[in-house]
Every structure is written in C-alpha cells, then in structure tokens.
Amino acid sequence: MTVWFVFAVPFVVMFFALFMERVESRLRHVAVQEDEVEELLENARPDEVRALYGHGIGRALEMFRLRRRGGTKPRRTKVRA
C-alpha cells in the first residue's frame, strides 16, 4: 500500500500543477492590468465613468482602449422635440 502511495502522490501533484498552469494562463489573458486601471481613472471621460459605474471595469476599459486606439464608437444622440 505504501509503495502505491509513494508512486501516486508525485503524479497527482504533477497533474495538479499542470492543470493549475493552464488555469493561470487563461486568467493572465483575462486579468486587468494595474497600470491600465490607473490610466483609466486618471483620464476617464464621462461616458467611460458611466460605463464603469453601470457595467463594471471590463466595459469601461473596453471603451477606454477603443478611444486610445483611435477607434470610434457610435454615440447616442439626444433628440430634442
């Protein structure tokens, strides 16, 4: 019984480490960088602040990145009657 335990534990630990590496690599691509958040908070426009409040950091950073790249997003126009 001890022999099986001696051989099984290193394999279990190795597979767990490989699994956690895959999880970490996926999270690394999704995670928000600290410098991006600082830049957003320093240079945010009103629509980005509304997105931060209403939809969270993901949507606000998406709008901020789009603005930095020079992309344009359709703006809502108010119709006056």
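Just so you know, residue 1 is the first one in the sequence shown, and it goes up from there.
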Original post:
With sequence neighbours excluded, what pairs up with Glu38 under the salt bridge (charged side-chain N to carboxylate O under 4.0 Å, His left out) test?
Top reply: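 Salt bridge (charged side-chain N to carboxylate O under 4.0 Å, His left out) list for Glu38, sorted by chain: empty.
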
Is there side-chain contact between [X] and [Y], with heavy atoms separated by less than 4.5 Å?
| X | Y | value |
| --- | --- | --- |
| Arg68 | Glu36 | yes |
| Leu61 | Leu52 | no |
| Leu66 | Met63 | no |

**OP:** Indicate if Val23 and Phe16 have the same hydrophobic cluster label, given that clusters are the connected sets of ILVMFWY residues with side-chain heavy-atom separations under 4.5 angstrom.
**Re:**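 Cluster IDs for Val23 and Phe16 match.
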
Original post:
Should Ile57 and Phe64 be counted in the same cluster of Ile, Leu, Val, Met, Phe, Trp and Tyr side chains packed under 4.5 Å apart?
Top reply: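 Hydrophobic grouping puts Ile57 with Phe64.
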
Original post:
Should side-chain heavy atoms under 4.5 Å link Ile, Leu, Val, Met, Phe, Trp and Tyr, which residues sit in the same cluster as Val9?
Top reply: Phe5, Val13

Subject >> Linked hydrophobic residues, Val3 as query - side chain contacts closer than 4.5 Å >> reply: Phe7

Original post:
For Arg59 and Glu62, what are the C-alpha separation, side-chain angles and deciding distance, and is it a salt bridge (charged side-chain N to carboxylate O under 4.0 Å, His left out)?
Top reply: CA-CA 5 Å; Arg59 176 68 178 140; Glu62 179 184 331; 3.1 Å; yes

Original post:
Is a side-chain donor or acceptor of Glu48 paired with a backbone partner of Arg45 at a separation under 3.5 angstrom?
Top reply: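 Side chain of Glu48 to backbone of Arg45: a pair is present.
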
